[in-house]
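Just below is one structure, and these are the notes that go with it.
Quantities reported herein were computed from a predicted structural model and do not represent experimental measurements.
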Amino acid sequence: MTVKERSLLFTVLTSICNIVITLIVEILLLLALFMLLRSVPALANSMPVQILIPFVLIAGLFISLMIFARFAGWIIKSFHLEGKIDDKIVNRYCPKDSL
């Protein structure tokens, strides 16, 4: 395989992993929110739920992006992909000072 083909394969596989990580984080955060709101019956069926859900979803996206960036950097380092995939991808997930 060429560097371009390996880079494409890495990008596709990490995109799938990113989707899975995002779904897991979002579901866990929403479950935590609903468990928290369930403990306060007055808030369970009211406007705070509608206000908090978008903020929880946005927070979940940021958390999953941070997790994914560290995960991709770990994959590159642990499988020694620095010379096997495109330098742009390596520099994105593994800055020069961390290699």
Side-chain angles (χ1 to χ4, degrees):
M1 291 180 88
T2 65
V3 171
K4 187 174 182 178
E5 290 170 340
R6 282 191 292 265
S7 298
L8 179 65
L9 181 64
F10 178 80
T11 303
V12 168
L13 292 177
T14 54
S15 296
I16 292 169
C17 288
N18 190 11
I19 291 169
V20 170
I21 290 170
T22 302
L23 287 174
I24 290 170
V25 168
E26 295 288 352
I27 289 170
L28 289 175
L29 285 176
L30 285 175
L31 285 174
L33 174 69
F34 288 127
M35 295 293 280
L36 178 70
L37 290 177
R38 191 176 79 169
S39 65
V40 183
L43 296 176
N45 295 320
S46 65
M47 191 62 110
V49 174
Q50 295 175 8
I51 294 172
L52 288 176
I53 287 177
F55 290 111
V56 168
L57 293 175
I58 291 170
L61 286 174
F62 285 119
I63 292 169
S64 67
L65 286 173
M66 289 187 298
I67 292 170
F68 171 71
R70 291 189 182 261
F71 176 71
W74 176 78
I75 291 292
I76 290 171
K77 288 177 187 174
S78 64
F79 291 106
H80 307 290
L81 299 176
E82 292 91 355
K84 298 175 184 167
I85 58 175
D86 191 14
D87 289 334
K88 291 179 185 177
I89 296 173
V90 173
N91 292 336
R92 178 179 178 146
Y93 297 114
C94 300
K96 293 284 186 199
D97 57 354
S98 69
L99 288 177

Drop me the distance from Leu31's CG to Arg38's CZ, to the nearest 0.5 angstrom.
-> 10.5 Å
Closest heavy-atom pair, Glu26 versus Gly60, reported as atoms and distance to 0.1 Å, is OE2-C, 3.4 Å
In Å, rounded to the nearest 0.5 Å, how long is the span from OG of Ser64 to CD1 of Ile19?
-> 11.0 Å
Does the side-chain contact (heavy atoms from CB on, under 4.5 Å) test come out yes or no for Ile76 and Phe10, once each step is laid out?
-> CA-CA 10 Å; Ile76 290 171; Phe10 178 80; 3.7 Å; yes
CG of Leu8 to CD1 of Ile89: how many Å apart, nearest 0.5 Å?
-> 8.5 Å
Check the hydrophobic clustering (I, L, V, M, F, W, Y; side-chain heavy atoms under 4.5 Å; chains of links allowed) and say if Leu52 and Leu36 are grouped together.
-> no
Full working for side-chain contact (heavy atoms from CB on, under 4.5 Å) between Phe68 and Thr14 = CA-CA 8 Å; Phe68 171 71; Thr14 54; 3.6 Å; yes
How many angstroms lie between atom CG of Asn91 and atom CD of Glu82, to the nearest 0.5 angstrom?
-> 10.5 Å
Locate the shortest heavy-atom distance separating Ile53 from Leu33; write the atom from each residue and the value.
-> CG1-CD2, 4.0 Å
Could you check Lys84 against Leu81 for side-chain contact (heavy atoms from CB on, under 4.5 Å), going step by step and ending with a plain yes or no?
-> CA-CA 5 Å; Lys84 298 175 184 167; Leu81 299 176; 4.2 Å; yes
Say you draw a straight line from CG of Leu65 to OG1 of Thr22; how long is it, rounded to the nearest 0.5 Å?
-> 6.5 Å
Joint cluster assignment, Phe79 & Val3, ILVMFWY side-chain distance < 4.5 Å | no
Minimum side-chain heavy-atom gap Ile63-Leu29 below 4.5 Å | yes
Backbone N or O of Asp86 within a donor-acceptor pair of the Ser7 side chain at under 3.5 Å?
-> yes
So does Met1 have more than 12 non-hydrogen atoms from other groups sitting under 6.0 Å from CE?
-> yes
Same cluster or not: are Ile27 and Ile67 linked, directly or through other Ile, Leu, Val, Met, Phe, Trp or Tyr residues, by side-chain heavy atoms under 4.5 angstrom apart?
-> no
Which value, rounded to the nearest 0.5 Å, describes the distance between Leu57 atom CG and Leu30 atom CG?
-> 5.0 Å
